[in-house]
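Starting off with a structure, shown below.
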Amino acid sequence: MKITLVGDIMIEPPVLKAAKKSDGSYDFYGVFEHMQSLYNEADFLVGNLETPLAGEEATYTQEYYVFNAPDAYADAVKKAGFDVVSTSNNHTYDRGYDGLERTIRVLDEKGIGHHGTFLPDGERPEAFYADVNGCKVAVIAYTYGVNSVNGKRWKTEDKYAGCVNLLRPETESIYQPGVFRGPTWVDKLFKKLDGEKRGRIKKFFGMEAQYPRADDRLDKKTMAPYVEKFQSDIRKAKENADIVIFYPHVGGQFNPRPGAISEYVMDKGLEAGADAIIASHSHMVQKGEMRDGVPCMYSLGNVNMSPLSSLYIEKYHPDYGIVAHLYVEDKKIVRTTFSITKIVETKGSQVCAWPVDEYAKTLQNQAEREALEKNVRWVYKMVTDEELQGEIIRREYDFG
């Protein structure tokens, strides 16, 4: 049996624009179509749905990075074969409480499993459970916090308390002072423009449009009740499932190094007995490691992120991601591998990912092939901290 997990599935403006058809409807399958053969090899497919499905009246995505996707996005996720998605990430409240609720209802209507957010009057199971070829699998999704939108800080109070699985208090800053930089003169002068347009202006003046964040502001005391909660969920799931996957949304964006919070969450997930811990959020690939036989991956990177955006940091290759594969025999993980993916976007086309072995077949000349191989080597070293030996372009790479 093979369990496959991917990273962040997003709805940036180019994704929305490319999916709109002449009759006004949307078709997002182009995001996933080149990955389909890889997805088809999985018996159980997991992803992070990093957008609410709040309905057209709430306005679809208009800027980077405040998201809302048409329901057709869920149709594409379903068609691609996803069995369960995390709804617990920093974009959960991008369209407020109503957006959280509607997302859950749409996924239920489409028959897509989900975990990480809950209806105010609904059940709050410790995990999403699935029977996969006679093996019971549990997926547990949590997020470091939720974004403030238009200056509004969302709080888990009154009837919405506990509707989002949180790793820490959402009112606390996650980023270390001095690493998360304040607004520049461009941000202040052009504050009515969205981040993408301000990014273009910054680049015009030779300024950085984007920068790494560091999730190093760790307060174990304030995190304690949240840690107790996710550890309790893992332990309960261990009583009810054969394989328990902890799937946290945490990390410093565009930072190649996992921060103190990421490391702490990983430690506590292992302490509780998770069989695999697979994280996302940094929008680039981070390290992975086997710890006491448990596969731990700190960031899978992106499923789709626009390489044409001004907010793109080229040196960290956010156009490359990884896909984790857990091979299960006799209800135990016996082997872990990963695939490397390449995100492609040409002007006016859909933002889509390819497995590198299939993408390599589309290249027209040796220079393009050499560039791909160079970047694959970089991704492999980021994940394993080792130099890639032997064949460079492969379907899957051994891990641990």
Just so I know, are the side chains of F230 and I140 near enough to count as touching, which here means a heavy-atom distance under 4.5 Å? no
Using modelled atom types and a 3.5 Å cut-off, is there a donor and acceptor pairing between side-chain atoms of T4 and backbone atoms of L45? no
Tell me whether R335 forms a cation-pi arrangement with Y327, defined as NZ or CZ under 6.0 Å from the six-membered ring centre and within 45 degrees of its axis.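 Because its charged atom sits under 6.0 Å from the ring centre and within 45° of the axis, R335 does stack over Y327.
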Between P13 and Q62, is there a side-chain heavy-atom distance shorter than 4.5 Å?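 With C-beta onward as the side chain, the pair stays apart.
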Can you list the residues that meet the ring-ring contact (aromatic ring centres under 6.0 Å, His included) rule with F118, with sequence neighbours excluded?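 Once residues adjacent in sequence are excluded, the partners of F118 under the ring-ring contact (aromatic ring centres under 6.0 Å, His included) criterion are H115.
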Tell me, please, which residues at least two apart from D267 pass side-chain hydrogen bond (donor to acceptor under 3.5 Å, both in side chains).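 For D267, the residues satisfying side-chain hydrogen bond (donor to acceptor under 3.5 Å, both in side chains) (neighbours in sequence not counted) are R291.
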Counterpart residues, ring-ring contact (aromatic ring centres under 6.0 Å, His included), relative to F82 (two or more places apart): F32, Y39
So, the side chain of N304 versus the backbone of V31: is there a donor-acceptor pair under 3.5 Å, distance only?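 Answer holds: no.
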Are a donor atom and an acceptor atom from the side chains of D215 and Y144 found within less than 3.5 Å of each other? no
Are E387 and Y380 side-chain neighbours, meaning at least one heavy-atom pair lies under 4.5 Å? no
Any donor-acceptor N or O pair under 3.5 Å, side chains E126, S232: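 No, because no side-chain N or O of E126 sits under 3.5 Å from a partner of the opposite role on S232.
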Just to verify, what does K287 make a side chain to side chain contact (heavy atoms under 4.5 Å, CB included) with, not counting sequence neighbours?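 So K287 forms a side chain to side chain contact (heavy atoms under 4.5 Å, CB included) with P258, E263, E289, Y298.
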Contact between V250 and L167 at the side-chain level, heavy atoms closer than 4.5 Å - yes or no?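 They are in contact (side-chain heavy atoms under 4.5 Å apart), so the answer is yes.
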Any side-chain donor-acceptor pair under 3.5 Å between N89 and N48? yes
Closer than 3.5 angstrom, by distance alone: can the side chain of E373 be matched with the main-chain N or O of I392 as a donor-acceptor pair? no
Output all residues satisfying salt bridge (charged side-chain N to carboxylate O under 4.0 Å, His left out) with E396, sequence neighbours left out; order by chain, then residue number. K2
What pairs with Y29 under ring-ring contact (aromatic ring centres under 6.0 Å, His included), at least two apart in sequence or on another chain?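 Per chain and number, Y29 pairs via ring-ring contact (aromatic ring centres under 6.0 Å, His included) with no residue.
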Is the closest side-chain heavy-atom distance between M35 and T341 below 4.5 Å?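 In short, these two side chains touch, coming nearer than 4.5 Å.
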Can E41 and H325 be counted as having a side-chain donor-acceptor contact under 3.5 angstrom? no
Can you confirm if the NZ or CZ of R213 lies within 45° of the ring axis of Y211 and under 6.0 Å from the centre of its six-membered ring? yes
Could you tell me whether the side chains of D71 and Y26 share a donor-acceptor contact shorter than 3.5 Å?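 No donor-acceptor contact under 3.5 Å links the two side chains.
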Is it true that a side-chain atom of E56 and a backbone atom of P70 form a donor plus acceptor pair closer than 3.5 Å? no
Check whether any side-chain N or O of T103 sits under 3.5 Å from a backbone N or O of G99 as a donor-acceptor pair, and report yes or no. yes
